[in-house]
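Data first, discussion second: the structure below is written as C-alpha cells.
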Amino acid sequence: MNQIDSRSSEYPVSLKRIPDPPEVLYYQGEWNPELFEKTISVVGSRKMTRYGETMTDRLVSAIAREGITVVSGFMYGVDAAAHNAAVEAPGKTIAVMPCGIERIHPSYQEDLYGKILSSGGMVLSEYPGDMPPALWSYPRRNRIVAALAPVLLVIEAAPKSGALITARLSRKYNKKIFALPGPLTSRVSVGTARLLKQGAAIVTEPADILAEYGLSVEATPKKEKTNTENFSPLQKAIVDQLSREAMTADELIRLLREPSSRVGADLTLLTMKNHLILREGRYELARNPGQGGYLCL
C-alpha cells in the first residue's frame, strides 16, 4: 500500500497549513509532487443538470489544458464530470476518496478510476484498506479537497450539500471561491446563488479563473466554431432555439410552427452530422468533435 507521511518533504504543503491535516496519505498511482504545484478544486451537485455537465466540461477542459491539476471527490455528478473533463483535455486530476484507498467508490466508476491513473493522475485517501465510506467521512474528505488548491470552483449546489461544506471550509482556509450562476428555478442553483451573495466570484468563462494563475485570455486555446452558412433557414432556426436551452422535438415544432416531418428530418440530419445530441428526450448543441468548438450563427 503506497503512503506518504506528513513529515515527508514531498507531503503537500497546502495540507500542512490546515488545522487537522491527515497524518498519512494513502495513494494509488505514481506520487508526483508536481501535481500539487498548480491546482484547482472543483465540486458540485451529485444531481448534476445538463447545464452543469456542459459548463463543467467547458470550464474544466480549458483549465486542465493549461497544466492546472483538477482536484475533486470522485462522486457521481459534477465530481465525475470534472475528472472526466480533465482527463479528456488532456490534463491531470486527483481524486480524493471518502473511503479506504483499496476501495473504488462508487464501484461502477471503475473505468474513470483507471483513466485517472493511466493519464498520470492520482487517487488519494487518508484511510487505509477497504474501509467503506460513512456519513462522517465525506466532510472529512471535503477538507482535503478544499485544502489542496488555492481556488475552489463550485458548479452547482443544493441549499444543503457537500459542495457548500467544501465552500465553507475553503473560506475558512482563505481560498478563492468561484461559483457558476444558474437558473434560480433549479434547486441546484440555489447554493451557488447563495455563494455569490456571500462574495464568491462569478465565473462565466475559463479566463475568469485562469487569471488567478497569471494566465491571460490569449493563453487559452481558441475554439473554432462551426459555420452554419450552409444550413437551411429551418436548421438555423433549430440551432438558434437550442443555443438558448435544450428542447424536445415537440417543443421545437410548437415554437417554430413548422410541420413535424420537416423538423424531425432536420433534427435527424443535424444529429447524424454530430451538430446535435439527444439526451433524455431533449436535443442540445454538441461539441464539434473535429474542432472542439460549438455551433454558432
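Lys236 contributes atom NZ, which lies 9.0 Å from atom CZ of Phe231 (distance to the nearest 0.5 angstrom). Here the CG-CZ distance, from Leu215 to Arg65, works out to 12.5 Å after rounding to the nearest 0.5 Å. Within the model, atoms OG of Ser125 and CD1 of Ile101 stand 5.0 Å from one another, a figure rounded to the nearest 0.5 Å. Note: Arg17 CZ to Asn174 CG = 11.0 Å, rounded to the nearest 0.5 Å. Rounding to the nearest 0.5 Å gives a distance of 14.5 Å between CZ of Arg140 and CG of Leu135. How far SG of Cys99 is from CZ of Phe74: 9.0 Å, rounded to the nearest 0.5 Å.
A donor-acceptor contact shorter than 3.5 Å links the side chain of Ser119 to the backbone of Lys115. At least one donor-acceptor pair under 3.5 Å links the side chain of Lys175 to the backbone N or O of Ala147. Without hydrogens or angle criteria, Ser8 side chain to Ile4 main chain gives no donor-acceptor distance under 3.5 Å. No side-chain donor-acceptor contact under 3.5 Å links Ser72 to the backbone of His83. Listed for the Asp208 side chain is a donor-acceptor partner under 3.5 Å among the backbone atoms of Thr204. Panel note: side chain Thr192, backbone Ala157; no donor-acceptor pair is recorded below 3.5 Å.
A pairwise comparison of heavy atoms in Val145 and Thr166 identifies CG1-CG2, 4.3 Å as the closest pair. Heavy atoms only, all atoms of each residue included: Ala81 and Met48 are closest at CB-SD, 3.8 Å. Across all their heavy atoms, Gly73 and Arg141 have their closest contact at O-NH1, 2.8 Å. Of all non-hydrogen atoms in Ser6 and Pro22, the two that sit nearest each other are CB-O, 3.8 Å. Minimum heavy-atom separation, Glu205 to Leu59: C-CD2, 3.6 Å. Heavy atoms only, all atoms of each residue included: Ala89 and Ser61 are closest at CB-O, 3.6 Å.
With salt bridges taken as basic N to acidic carboxylate O contacts below 4.0 Å, none links Arg46 and Asp79.
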Between Val70 and Ile94, does a side chain to side chain contact (heavy atoms under 4.5 Å, CB included) hold up when you go through it step by step? CA-CA 6 Å; Val70 176; Ile94 296 172; over 6 Å; no

Assess the residue pair Leu124 and Leu148 against the criterion (side chain to side chain contact (heavy atoms under 4.5 Å, CB included)); give the C-alpha distance rounded to whole Å, side-chain angles, the decisive distance to 0.1 Å, and a yes or no. CA-CA 11 Å; Leu124 302 180; Leu148 280 177; 4.1 Å; yes

Decide side chain to side chain contact (heavy atoms under 4.5 Å, CB included) for Leu25 and Leu15; before the verdict, give the C-alpha distance in whole Å, the side-chain angles of both, and the deciding distance to 0.1 Å. CA-CA 10 Å; Leu25 282 176; Leu15 273 181; 3.6 Å; yes

Evaluation steps, side chain to side chain contact (heavy atoms under 4.5 Å, CB included), between Leu195 and Leu164: CA-CA 8 Å; Leu195 290 175; Leu164 292 187; 3.8 Å; yes

Test salt bridge (charged side-chain N to carboxylate O under 4.0 Å, His left out) on Glu53 and Arg58; report intermediate values, then the result. CA-CA 9 Å; Glu53 182 179 14; Arg58 292 189 189 185; over 6 Å; no

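Checked against side chain to side chain donor-acceptor pair (under 3.5 Å), Asn2 has no partners two or more places apart in sequence or in another chain. Partners of Thr271 under the side-chain contact (heavy atoms from CB on, under 4.5 Å) rule, at least two apart in sequence or in another chain, are Leu276, Tyr283. Evaluation of the side chain to side chain donor-acceptor pair (under 3.5 Å) rule for Arg194 yields no partner, not counting sequence neighbours. Contacts of Glu126 classified as side chain to side chain donor-acceptor pair (under 3.5 Å), with partners at least two apart in sequence or in another chain: Arg143.
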Can you give me every donor-acceptor pair (side chain of residues 176-184, partner residue at least two apart or in another chain, under 3.5 Å) with its distance?
none

Less than 3.5 Å apart, which donor and acceptor atoms pair up between the side chains of residues 245-252 and the rest of the protein, not counting sequence neighbours?
from: Thr248; atom 1: OG1; to: Glu251; atom 2: N; distance (Å): 3.1
from: Thr248; atom 1: OG1; to: Glu251; atom 2: OE1; distance (Å): 3.4
from: Glu251; atom 1: OE1; to: Thr248; atom 2: N; distance (Å): 2.9
from: Glu251; atom 1: OE1; to: Arg282; atom 2: NH1; distance (Å): 3.0

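In the hydrophobic cluster analysis, where Ile, Leu, Val, Met, Phe, Trp and Tyr join through side-chain heavy atoms closer than 4.5 angstrom, Ile238 is grouped together with Leu285. Side-chain heavy atoms closer than 4.5 Å link hydrophobic residues (I, L, V, M, F, W, Y) into clusters, and following such links, possibly through other members, connects Ile40 to Val78. Following chains of ILVMFWY side-chain contacts shorter than 4.5 Å, one cannot reach Val203 starting from Val43, and the two form parts of different hydrophobic clusters. Linking ILVMFWY residues whenever their side-chain heavy atoms come closer than 4.5 Å, directly or via other members, leaves Met55 and Val190 in distinct clusters. Residues Ile155 and Tyr51 share a hydrophobic cluster, clusters being chains of Ile/Leu/Val/Met/Phe/Trp/Tyr side chains in contact below 4.5 Å.
Cluster partners of Met131, by chain and number: Tyr127, Trp136. The rule joins Ile, Leu, Val, Met, Phe, Trp and Tyr whenever side-chain heavy atoms lie under 4.5 Å apart. Val13 shares a hydrophobic cluster with no other residue; no ILVMFWY side chain has heavy atoms under 4.5 Å from its own.
Side-chain contact between Ile68 and Leu210 is present, with heavy atoms from C-beta onward closer than 4.5 Å. Between Asn84 and Val60, every side-chain heavy-atom pair lies at or beyond the 4.5 Å cut-off. Contact check for Val42 versus Val71: no side-chain heavy atoms found under the 4.5 Å cut-off. Between Pro128 and Met1, the closest side-chain pair of non-hydrogen atoms falls below 4.5 Å. Two residues are said to be in side-chain contact when any heavy atoms from C-beta on lie closer than 4.5 Å; Asp5 and Tyr11 fail this criterion. In this structure, the side chains of Glu23 and Arg7 stay at 4.5 Å or more apart for every pair of heavy atoms. The side-chain heavy atoms of Asp20 and Ile18, taken from C-beta on, include a pair separated by under 4.5 Å. Between Leu267 and His275, every side-chain heavy-atom pair lies at or beyond the 4.5 Å cut-off.
No more than 12 heavy atoms of other residues, nucleotides or ligands lie within 6.0 Å of NZ in Lys172, so this atom counts as exposed by the packing criterion. Annotation: Met272, atom CE; neighbour count of heavy atoms from other residues, nucleotides and ligands within 6.0 Å does not exceed 12.
Legend: side-chain hydrogen bond (donor to acceptor under 3.5 Å, both in side chains) pairs involving residues 24-41, not counting sequence neighbours: none detected. Among pairs with a residue in residues 255-269, those fulfilling side-chain hydrogen bond (donor to acceptor under 3.5 Å, both in side chains) read Gln235-Asp266, Glu258-Arg262, at least two apart in sequence or across chains. Within the structure, the side-chain hydrogen bond (donor to acceptor under 3.5 Å, both in side chains) test picks out the following pairs touching residues 102-112 (sequence neighbours left out): Arg103-Asp130, His105-Tyr138. The side-chain hydrogen bond (donor to acceptor under 3.5 Å, both in side chains) analysis of residues 147-162, with sequence neighbours excluded, yields the pairs Thr49-Glu156.
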